[in-house]
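Quick notes on the structure that follows.
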Amino acid sequence: MKTRIVYMGTPEFAVLPLQALLEQGCSVVGVVCQPDRPQGRHMRLEPPPVKKLAAARGIPVLQPEKVRTPDFEAALRALNPELIVTAAYGRILPPNILAVPRYGCLNVHASLLPAYRGAAPIQWSLIKGERETGVTIMLMDEGMDTGDILVQEKMAIPEDMDAACLSEQLSRLGARILPETVDRWLAGTLQRRPQNAADASPAPLMSREAGQVDWTMTAEQIHNLIRGTYPWPGAYTWCGDKKLKIHRAGINRDPEICRTAAGLPAGTLCVCGAGTMSVACGEGVLDLLEIQSESGKRLHCRDCAHNYRLGQKMGGGSHVD
């Protein structure tokens, strides 16, 4: 008889791991995800991506607002899970829920733990300029991503990869290693490795203000901020009294432009013309590639550079640690 699994996950990142378990023939007897939320311009209620997959496969779905309630525990116990697997569910499970399945709870986490514990490991790994990340499958405990490590797999981060692309790649990686990890865990052939708390780093939930650009930072730091906050909350600056979103950028490597920009105040448009927009930073120069004004649509800078002028100053901001 197959082990009864309840899968807990909410966003797109969690879809492929669930799909991998189903394709492997695992007995997923229930799915838990967060409630439907308003989405889009018209704020219509939309089901989360994991719910859509579960509904398409005829799997019962629970969507509690809170997991620390007797009603949710009773509903979960009614599914009689022997193993819980989570991936970007978005809630910390209390001890009474962790104790429900006989084989415990496994979590698919998008970092090389103990690095980047928390809700936004993908974003923070990019903001901090990491060149390598990966997926950890861990045995959950009561802490925030503090449980014993079962399996880890690494991947390199390309210089221009943003959070949306990295999330997709890590989701695929998690989906690839999850079914075998589950099989080995149930067979008792996996060794647990405790995390070293001294090496831990936080990855807290992103705020809407996290994408504000501080032009006194280096071009590399700003480039990493833009990559790490795309598509949400999104990087932005101010041009006069108008907010300007920055969707894509690159680091300028031209020695002459960098020498010229070195004597300019941070945030100054040092190249503006012939479809190019470059901004002097605290160190180095950042090329703006795709931007969007508050009242306009997303444009490549070659199509909107004429709306700006050389020497124009971009707004400042607070450094994001």
Side-chain angles (χ1 to χ4, degrees), residues 111-112 115-116 118 120-133 155-167 201-204 206-240 242-273 275-292 300-302 304-305 308-321:
S111 80
L112 298 174
Y116 301 107
I122 295 171
Q123 292 89 339
W124 285 108
S125 65
L126 290 171
I127 291 171
K128 295 296 186 179
E130 300 291 352
R131 294 290 178 259
E132 182 180 71
T133 186
M155 68 163 280
I157 304 177
E159 182 179 343
D160 291 323
M161 181 172 279
D162 59 37
C165 293
L166 183 55
S167 179
S201 55
M206 303 292 292
S207 69
R208 289 186 178 276
E209 295 73 32
Q212 183 168 345
V213 173
D214 175 0
W215 293 104
T216 65
M217 295 163 61
T218 69
E220 182 177 4
Q221 288 173 325
I222 297 171
H223 182 229
N224 291 338
L225 177 70
I226 294 165
R227 296 191 300 137
T229 56
Y230 181 85
W232 196 92
Y236 66 94
T237 188
W238 295 90
C239 189
K242 298 187 182 301
K243 189 175 182 179
L244 191 68
K245 293 182 181 179
I246 305 173
H247 294 291
R248 281 202 314 124
I251 300 172
N252 189 292
R253 308 290 186 185
D254 187 310
E256 185 60 35
I257 291 175
C258 290
R259 276 195 296 270
T260 301
L264 297 173
T268 302
L269 269 173
C270 58
V271 177
C272 188
T276 303
M277 294 175 66
S278 302
V279 185
C281 305
E283 179 184 315
V285 174
L286 191 76
D287 293 334
L288 303 184
L289 301 177
E290 291 185 21
I291 59 176
Q292 182 177 1
H300 195 285
C301 287
R302 64 171 172 262
C304 60
Y308 302 87
R309 55 182 172 75
L310 191 67
Q312 197 166 0
K313 186 79 164 50
M314 297 291 178
S318 300
H319 180 75
V320 177
D321 293 323

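This chain uses plain numbering: 1 for the first residue, then up along the sequence.
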Taking atom CD as the centre, does E283 end up with more than 12 heavy-atom neighbours from other residues, nucleotides or ligands that are less than 6.0 angstrom away? no
Shortest non-hydrogen separation from [X] to [Y] and the atoms involved:
{"X": "I127", "Y": "M206", "value": "CD1-CE, 3.7 Å"}
{"X": "G129", "Y": "R131", "value": "O-NH1, 3.3 Å"}
{"X": "C270", "Y": "L264", "value": "CB-CD1, 3.6 Å"}
{"X": "L269", "Y": "L310", "value": "O-CD1, 3.6 Å"}
{"X": "C258", "Y": "N252", "value": "SG-O, 3.6 Å"}
{"X": "G282", "Y": "A266", "value": "N-CB, 4.0 Å"}

Let me confirm one number: the [atom1]-[atom2] distance from [X] to [Y], rounded to the nearest 0.5 Å.
{"X": "D162", "Y": "L126", "atom1": "CG", "atom2": "CG", "answer": "8.0 Å"}
{"X": "Q123", "Y": "Y230", "atom1": "CD", "atom2": "OH", "answer": "13.5 Å"}
{"X": "T268", "Y": "W215", "atom1": "OG1", "atom2": "CH2", "answer": "10.5 Å"}
{"X": "E159", "Y": "N224", "atom1": "CD", "atom2": "CG", "answer": "8.5 Å"}
{"X": "S111", "Y": "W124", "atom1": "OG", "atom2": "CH2", "answer": "14.0 Å"}
{"X": "D160", "Y": "I226", "atom1": "CG", "atom2": "CD1", "answer": "11.0 Å"}

Considering only heavy atoms from C-beta outward, does the side chain of [X] approach that of [Y] to under 4.5 Å?
{"X": "D287", "Y": "I251", "answer": "no"}
{"X": "L112", "Y": "E132", "answer": "yes"}
{"X": "C281", "Y": "T218", "answer": "no"}
{"X": "L166", "Y": "M155", "answer": "yes"}
{"X": "Y116", "Y": "K128", "answer": "yes"}

If we ignore hydrogens and angles and just use 3.5 Å, is the side chain of [X] paired with the main-chain N or O of [Y] as donor and acceptor?
{"X": "S125", "Y": "I122", "result": "yes"}
{"X": "T237", "Y": "V213", "result": "no"}
{"X": "T229", "Y": "P233", "result": "no"}
{"X": "W238", "Y": "M314", "result": "no"}
{"X": "Q312", "Y": "R309", "result": "yes"}
{"X": "T276", "Y": "C272", "result": "no"}

Scan H247, M277, K245 and name whichever one has a side chain to side chain contact (heavy atoms under 4.5 Å, CB included) with I291. M277
I'd like to know whether R227 forms a salt bridge (Lys or Arg N to Asp or Glu O under 4.0 Å) with E220, so could you lay out the CA-CA distance, the side-chain angles of the two residues, the decisive distance to 0.1 Å, and finally the verdict. CA-CA 11 Å; R227 296 191 300 137; E220 182 177 4; over 6 Å; no
Residue pair I246, L288: steps toward the side chain to side chain contact (heavy atoms under 4.5 Å, CB included) verdict: CA-CA 7 Å; I246 305 173; L288 303 184; 4.1 Å; yes
With E290 via salt bridge (Lys or Arg N to Asp or Glu O under 4.0 Å) - residues at least two apart: R248, R298
Please determine which of Q292, R208, Q212, E209 meets the side chain to side chain donor-acceptor pair (under 3.5 Å) test together with Y236. Q212
